[in-house]
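Here is the structure we will look at, set down as structure tokens.
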Amino acid sequence: MATTTASSFISSVILQPIIVAISSAVYSSLLSYEMIGKLDWRPIVICATSDVLVIAADHLKDQEVVTGSRGAAVIKRFTPLARIFLALNASLLAAALSLSPPQATFFTAAFTAPAFLWTTPLDLSRAGAVLKRFIGANYSREVDKDHKPFVIKRVPGMKAFFSGTIRSCGVFFVVHSALQPSLTSTHNALPWTIAETLVWSMVNRTGHCIMSDVRDYDEDKEAGVPTIPVLLDSLPKTRMILTVVHAAVLTAFRHNPFIVASSCFAIALVWILGKDTPKPYFRLSLHSQSIFIVTYALLLAFNLL
């Protein structure tokens with residue numbers, strides 16, 4: 001691993017989590033408007049700060065694996081700043097949850113737990129052994145030397161599935177639970193419907209995750225990470241599948257110009273971005289949804305719809 005510098009540390013632990021959190025904040029804002037006709041800060045803060053905490057904590061853990069005294073010195077110098085950043089976001093999250101119904105806390109924990117445990121080795125055999133001892137079954141203390149702990153990241157295709165589900169359905173359930181007392185509103189946010197927004201978001205978020213795997217194809221293949229491109233063993237096949245799925249969403253929701261434009265943009269990025277494309281350009285894929293939600297908000301604000 002390359003030596004950590006001040007700029008790479010700040011970019012990885014602070015700037016990147018904020019950039020990702022913006023996409024969740026924009027999506028949760030749209031859901032809030034669809035449900036009650038206005039923006040409620042609580043679910044927006046919950047979704048954004050959860051993103052920051054999960055990603056920043058994971059990147060901070062990665063940054064600690066450095067080579068050379070210079071990298072270690074940078075981490076030692078900037079880790080207090082990272083901890084303050086994490087503490088601030090944790091405080092905002094706690095404040096938003098404390099002012100929301102208990103269901104919001106439940107769904108937030110349920111959908112962030114897999115992200116926190118993404119690369120954590122889980123020894124399921126120990127849980128089985130404890131259960132056997134509890135029910136009085138015969139229990140052997142012999143240890144299987146070939147046994148490997150379960151790691152969510154190593155489940156084939158799980159990364160794309162989790163990302164798409166958490167960033168679409170997870171955000172929806174958090175927003176819905178936080179806004180429960182206000183859901184008597186009959187607001188109709190045409191041309192949007194919640195069901196269409198959910199499907200579009202799930203496809204878009206899953207597609208972005210797979211595009212990130214296209215970027216990291218060589219590294220993942222060498223490390224044996226079973227992402228969709230690695231499982232297909234072909235980037236052209238991956239691109240074709242993504243194109244077909246985005247096109248299906250575009251066709252199904254063709255009455256919504258924002259979903260149509262977003263899907264067309266995503267299809268273009270599928271064929272433009274590749275494993276040799278600089279990483280910053282993949283932020284276009286990350287925000288291929290946010291761009292068009294913001295466009296809708298601006299048109300609405302200026303009474304152009």
Side-chain angles (χ1 to χ4, degrees), residues 20-40 42-48 50-51 54 100-101 103-104 106-115 157-180 182-211 228 241-242 244-267 285-297 300:
V20 175
I22 289 172
S23 67
S24 292
V26 171
Y27 174 51
S28 58
S29 297
L30 175 62
L31 288 175
S32 177
Y33 182 73
E34 288 183 24
M35 291 179 187
I36 62 173
K38 62 181 181 180
L39 302 185
D40 188 304
R42 295 170 303 162
I44 298 171
V45 168
I46 291 171
C47 294
S50 295
D51 255 352
V54 169
S100 303
Q103 294 91 328
F106 170 78
F107 284 115
T108 300
F111 284 100
T112 55
M158 190 58 70
K159 180 181 177 182
F161 172 77
F162 265 150
S163 180
T165 302
I166 292 172
R167 297 191 178 282
S168 57
C169 299
V171 172
F172 166 78
F173 280 113
V174 169
V175 175
H176 185 273
S177 59
L179 298 179
Q180 270 190 345
S182 307
L183 289 180
T184 56
S185 172
T186 57
H187 178 69
N188 191 4
L190 293 175
W192 304 95
T193 67
I194 293 176
E196 291 178 359
T197 303
L198 269 175
V199 173
W200 167 53
S201 180
M202 188 162 192
V203 170
N204 185 278
R205 297 298 83 195
T206 303
H208 166 66
C209 182
I210 295 175
M211 285 304 298
I228 298 297
I241 291 174
L242 287 175
V244 170
V245 175
H246 283 305
V249 171
L250 182 158
T251 304
F253 306 140
R254 57 188 177 275
H255 59 276
N256 188 322
F258 302 99
I259 293 180
V260 170
S262 171
S263 299
C264 289
F265 186 57
I267 290 173
S285 175
L286 170 65
H287 290 292
S288 59
Q289 184 180 46
S290 308
I291 292 170
F292 297 95
I293 296 176
V294 171
T295 300
Y296 167 75
L300 192 66

Legend entry - Chi angles and distances behind the side-chain contact (heavy atoms from CB on, under 4.5 Å) call for Cys264, Leu250: CA-CA 8 Å; Cys264 289; Leu250 182 158; 3.3 Å; yes
Legend entry - Stepwise side-chain contact (heavy atoms from CB on, under 4.5 Å) check, Trp200 with Ser262: CA-CA 9 Å; Trp200 167 53; Ser262 171; 3.3 Å; yes
Legend entry - CA sep, side-chain torsions, deciding dist, call: Ser32, His176, side-chain contact (heavy atoms from CB on, under 4.5 Å): CA-CA 8 Å; Ser32 177; His176 185 273; over 6 Å; no
Legend entry - side-chain contact (heavy atoms from CB on, under 4.5 Å) assessment of Ile22 paired with Ser290: CA-CA 8 Å; Ile22 289 172; Ser290 308; 5.6 Å; no
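When each of Val199, Thr206, Leu198 is tested with Met202 by the rule side-chain contact (heavy atoms from CB on, under 4.5 Å), just one qualifies, namely Thr206. With respect to Tyr27, the side-chain contact (heavy atoms from CB on, under 4.5 Å) criterion is satisfied by exactly one of Asn204, Val171, Ile44, Val175: Val171.
Remark: Phe292 pairs with Phe265 by the ring pair (Phe, Tyr, Trp, His ring centres under 6.0 Å) rule, at least two apart or across chains. Listed by chain and residue number, Phe173 satisfy the ring pair (Phe, Tyr, Trp, His ring centres under 6.0 Å) test with Phe107 (two or more places apart in sequence, or in another chain).
Between the side chains of His208 and Ser285, a donor-acceptor pair is found at a separation under 3.5 Å. Of the N and O atoms on the side chains of Gln289 and Ser201, at least one donor lies less than 3.5 Å from an acceptor on the other residue.
Between atom CZ of residue Phe172 and atom OG of residue Ser177 there is a gap of 9.5 Å, rounded to the nearest 0.5 Å.
The nearest pair of heavy atoms linking His246 to Gly207 is NE2-CA, 4.4 Å.
Between Trp192 and Tyr296, a ring centre-to-centre spacing shorter than 6.0 Å is recorded.
Aromatic ring pairs are classed by plane angle as parallel below 30°, tilted from 30° to 60° and perpendicular above 60°; the pair Phe253 and His255 is perpendicular.
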